[in-house]
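Atoms within a ligand are numbered from 1 in the order they appear, just like the ligands themselves. Everything numeric here is computed off the predicted structure, so don't read it as measured data.
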Amino acid sequence: MNAFDLGKFEEEAQEQWTHAFESNPSKLEKCYLTVAYPYPSGAMHVGHGRTYIVPDVIARFWRMRGKQVLYPMAFHVTGAPVIGISKRIAKNDPKTIHLYRDLYKVPQNVLDEFTDPLTIVRHFASEYQRVMTACGISIDWRRRFTTVDPTYSKFIEWQWKHLFEAGHVIKGAHPVRYCTVDDNPVGDHDLLEGDKAEVIKFTLVMFQLGDAVIPTATLRPETIYGVTNLWANPNVTYVRALVDGSAWIISQEAAEKLGLQDHAVEVQEEIPGRDLIDKIVSHPLCGKVPILPADFVDPDMASGLVMSVPAHAPFDYIALRDLQHAGKYIQIKPVPLIKVEGYGEIPAKYAVEKAGITHQMDSRMDALTQEIYSAEFSKGKLFERYGGKPVRVARDEIAALMIESYASKIMYEFDTRPVVCRCGNKVKVKILHDQWFLKYSDPAWKKQVSDHLGDMALVPPEVRLEFDRTVDWLKDWACTRRVGLGTRFPWDTTQLIEPLSDSTIYMAYYTIAHKIREIDPKLLTPDVFDYIYLGKESPELPEKKKLEAMRKEFLYWYPYNYRFSAKDLISNHLTFQLFHHVTIFPKDKLPQGMVVFGMGLLNGAKMSSSKGNVFLLEDAVCDFGADTVRMFLMGSAEPWQDFDWRNELVISTKKQIERFFNTVLESKDADGEPHDIDRWLISRLQSHIDRTTDALTNFQTRQALQEAYFGIETDLKWYRRRLAENSDGSRELHTLCSVWIRLLAPFIPFTGEHLWKELAGEGLVSFAPWPVANEKLVNTRIELAEELISRTVEDIESIMKLIQITPKSITISIAPPWKHEIFLIIAKSNDRNTVIKEIMKDDEMRRRGKEVTDAAKQCTTLIHRLPPHVVEPLAREPINEIAVFEAAKIFLEKEFGVQVHITDAESSEHTKAATALPFKPAIIIE
Ligand SMILES: [Zn+2]
């Protein structure tokens with residue numbers, strides 16, 4: 001009894017795979033693939049599954065193609081997130097407990113120990129390893145490490161010594177995202193929300209109100225000349241605060257934020273927003289203006305009060321108009337100050353009216369604001385009375401003037417909000433002093449990276465633009481933290497190297513990870529790593545034999561061939577690692593390629609652990625089988641596309657594997673004599689081999705499955721249909737099964753191993769030779785003949801459906817030779833216009849007259865419709881259609897249950913016979 005039982009196949013294969021994927025330097029060409037290592041703070045979901053399965057399929061493919069493949073894995077445990085998690089678990093935070101106990105299914109006795117952050121990462125690291133293994137991911141686990149291992153810290157210290165010596169590590173003051181609860185800068189990994197938010201520099205324009213000033217934050221200081229009023233929120237409680245000794249009126253939030261940005265702030269009293277309404281303020285550049293009420297003013301945005309320029313800001317325009325519709329403030333008129341082509345006298349009014357926007361809440365308001373902002377910046381000019389300069393010039397000049405002469409200050413704020421820390425606190429912008437930075441802003445360093453990027457293979461190619469942009473935009477990066485796990489910063493040991501800065505060249509560490517742990521960490525000086533990675537000799541190196549072995553490993557494996565990661569890491573990790581590589585390693589050891597993944601969706605919605613919208617990978621493996629999960633994830637989208645996990649589709653994938661399994665078992669022992677149809681099957685198989693190989697070479701897992709699974713399955717269906725009655729097929733089926741199992745083995749390795757044994761294949765299918773197409777087995781003539789028959793069968797079927805009679809006979813009428821000639825001339829010709837002339841050169845053709853021009857038209861249409869793989873060989877040499885159909889007569893009669901006649905169209909009396917064309921015979925059903 002050989003039943004389809006994925007669970008059993010998994011057990012069988014796991015026994016044989018225990019050490020199978022441990023990989024050492026050899027005589028073979030190497031292929032080194034790495035994927036961004038996980039931060040093990042929770043259970044893996046199916047989105048993670050894809051991240052590790054794509055490189056696994058590629059690793060398995062190259063392994064079968066005879067390369068020495070290395071696919072290692074480690075765990076990134078640096079940083080503060082697990083510390084926050086352990087604190088929340090210690091405090092019995094219900095949300096966190098729910099996530100870990102109910103969603104991640106952590107047993108209570110283990111959960112009780114999660115008050116220690118290291119226990120959390122240790123627990124999930126071993127869970128990750130267990131689930132990855134269950135998924136059949138072919139990892140060399142000897143090289144596993146975590147980023148808090150003492151030897152790893154020694155490696156990081158060596159890396160930073162080089163960064164420092166190259167002048168890339170600097171100390172300074174800098175605005176950073178900051179959590180006041182954690183008292184720590186906030187990295188991308190520490191954010192619950194707002195990872196796209198950027199820190200923006202605003203100019204505070206100071207309006208005088210009695211003895212105090214009201215600062216309003218703006219990105220467009222040049223519009224001061226068009227200010228008609230300020231906006232204050234009547235429902236907000238503002239404060240009067242002494243800021244660096246002078247009185248400011250600002251929101252409470254702003255008072256706290258300014259305190260983080262190098263200002264001495266002392267709150268004196270609260271001022272209800274409504275008390276500010278209708279007060280008159282003044283600024284030397286715009287005169288006296290009133291404060292008007294507006295609910296939309298957000299106290300958590302910059303200073304909490306804003307200036308209003310209704311002529312150029314759509315929000316201001318509409319808010320003013322709404323008040324005026326209620327009969328208030330009708331004396332206020334928008335004051336334009338910028339001329340911009342195509343936007344009328346008053347650009348905000350023009351744009352709002354053109355878009356037909358009637359109220360502030362219209363969802364198009366943001367886009368409209370952005371549109372005017374861009375138009376005015378790129379082609380706007382200030383009016384002559386305000387200096388007449390282009391906006392892009394005037395903006396900076398006026399900002400400088402305000403700071404110089406009108407007491408303006410700079411305030412940093414996020415461009416989008418909310419920005420929320422993992423601890424739940426709102427993140428603010430703080431200016432850090434004595435903060436250490438990686439100087440990614442350095443143009444020379446950027447250039448080194450850009451130059452190398454030009455030499456790299458990027459998949460898909462369109463991500464190149466995003467990499468270029470990131471290199472261009474990267475600013476200095478705060479690279480140390482006060483709280484968390486990780487390696488101490490060598491120049492200030494109260495600080496730790498933050499997570500995105502200690503995970504940039506660890507791909508080089510994998511090459512030695514299993515050997516370096518044999519050496520006492522105390523002996524691991526920078527000289528040791530200089531020797532292993534850079535070949536620098538120095539006296540008194542310890543354990544020289546072991547170091548030599550490590551140097552050999554590094555030289556063999558490095559540089560890595562491909563790095564795989566999700567696309568949201570382009571803006572940080574994937575680009576950072578290039579900066580670090582170009583600094584430390586010689587040119588021939590720089591990364592060669594990157595493959596960037598799309599996102600995972602669950603039933604159409606973005607997967608997110610924190611929102612609970614995930615399907616755990618282990619549950620998926622239990623419910624559907626590892627092969628099913630793999631094949632679904634690889635087949636539903638190409639790696640760089642987003643995929644959508646839907647259980648009903650996963651179930652149908654499982655049925656496909658079962659069909660494959662049954663077909664192989666039914667076919668492998670067939671022993672009939674081969675006929676033309678067998679040659680057809682084997683000929684087709686060669687192109688499936690080629691196309692699957694090409695697709696996997698290009699990381700197209702979906703395309704590869706289309707060929708390797710569906711392509712072959714469709715052929716086999718046709719093959720079975722074409723077999724003579726009572727035939728189970730020929731011994732060629734055994735060859736096909738052997739190829740088929742191997743083509744699918746990277747995708748469904750468990751089923752693959754089981755069937756490989758059934759087929760008495762040698763060794764493990766995981767290491768079996770990848771099939772290679774044999775050109776000698778390709779038979780274009782037979783493929784064309786079969787294509788002609790299958791197309792004709794389809795035509796007959798659709799005609800029968802249409803006429804709905806019970807036929808007595810079917811006549812297939814073949815086009816005469818002169819039509820074949822026309823077909824050939826058109827198929828070969830590049831210029832469809834002169835082709836008629838060429839045809840008419842022939843006397844006989846001229847005699848036929850209109851008949852020929854009609855046939856030429858029909859042939860042209862037909863050639864357009866036929867695929868190139870049909871037209872091209874036909875243009876070289878026509879096939880004998882009568883012989884093809886005569887040979888298939890028994891088949892056709894069996895298919896349709898009636899007599900089939902094959903005739904030459906010109907000898908037929910039936911009028912329909914005249915419609916016969918090459919490769920499209922006339923079909924007469926009676
Ligand atoms: Zn926090």
Distance filter under 2.8 Å, centred on the Zn ion (ligand 1) - protein N, O or S atoms that pass it =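 You should have found Cys179 SG, Asp182 OD2, Cys421 SG, Cys423 SG.
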Qualifying salt bridge (Lys or Arg N to Asp or Glu O under 4.0 Å) pairs with a residue from residues 160-169, counting only residues at least two apart or across chains =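 Listed once each, the pairs are Lys161-Glu165.
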Kindly assign one of parallel, tilted or perpendicular to the pair Tyr560 and His581, based on the angle between their ring planes and the thresholds 30° and 60°.
->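 Judged by the thresholds at 30° and 60°, the geometry between Tyr560 and His581 is perpendicular.
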Angle class for the Phe145/Tyr152 ring planes (parallel below 30°, perpendicular above 60°, tilted otherwise)?
->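 Judged by the thresholds at 30° and 60°, the geometry between Phe145 and Tyr152 is parallel.
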Residues in side-chain contact (heavy atoms from CB on, under 4.5 Å) contact with Lys475, at least two apart in sequence or another chain |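 With neighbours one apart ignored, the set is Glu198.
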Check side-chain contact (heavy atoms from CB on, under 4.5 Å) between Arg364 and all other residues, then give those that pass, not counting sequence neighbours.
->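 side-chain contact (heavy atoms from CB on, under 4.5 Å) list for Arg364, sorted by chain: Ala355, Ile357, Asp362.
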Is the count of non-hydrogen atoms from other residues, nucleotides or ligands lying under 6.0 Å from Lys446 atom NZ greater than 12?
->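 For Lys446, atom NZ is crowded (more than 12 foreign heavy atoms under 6.0 Å).
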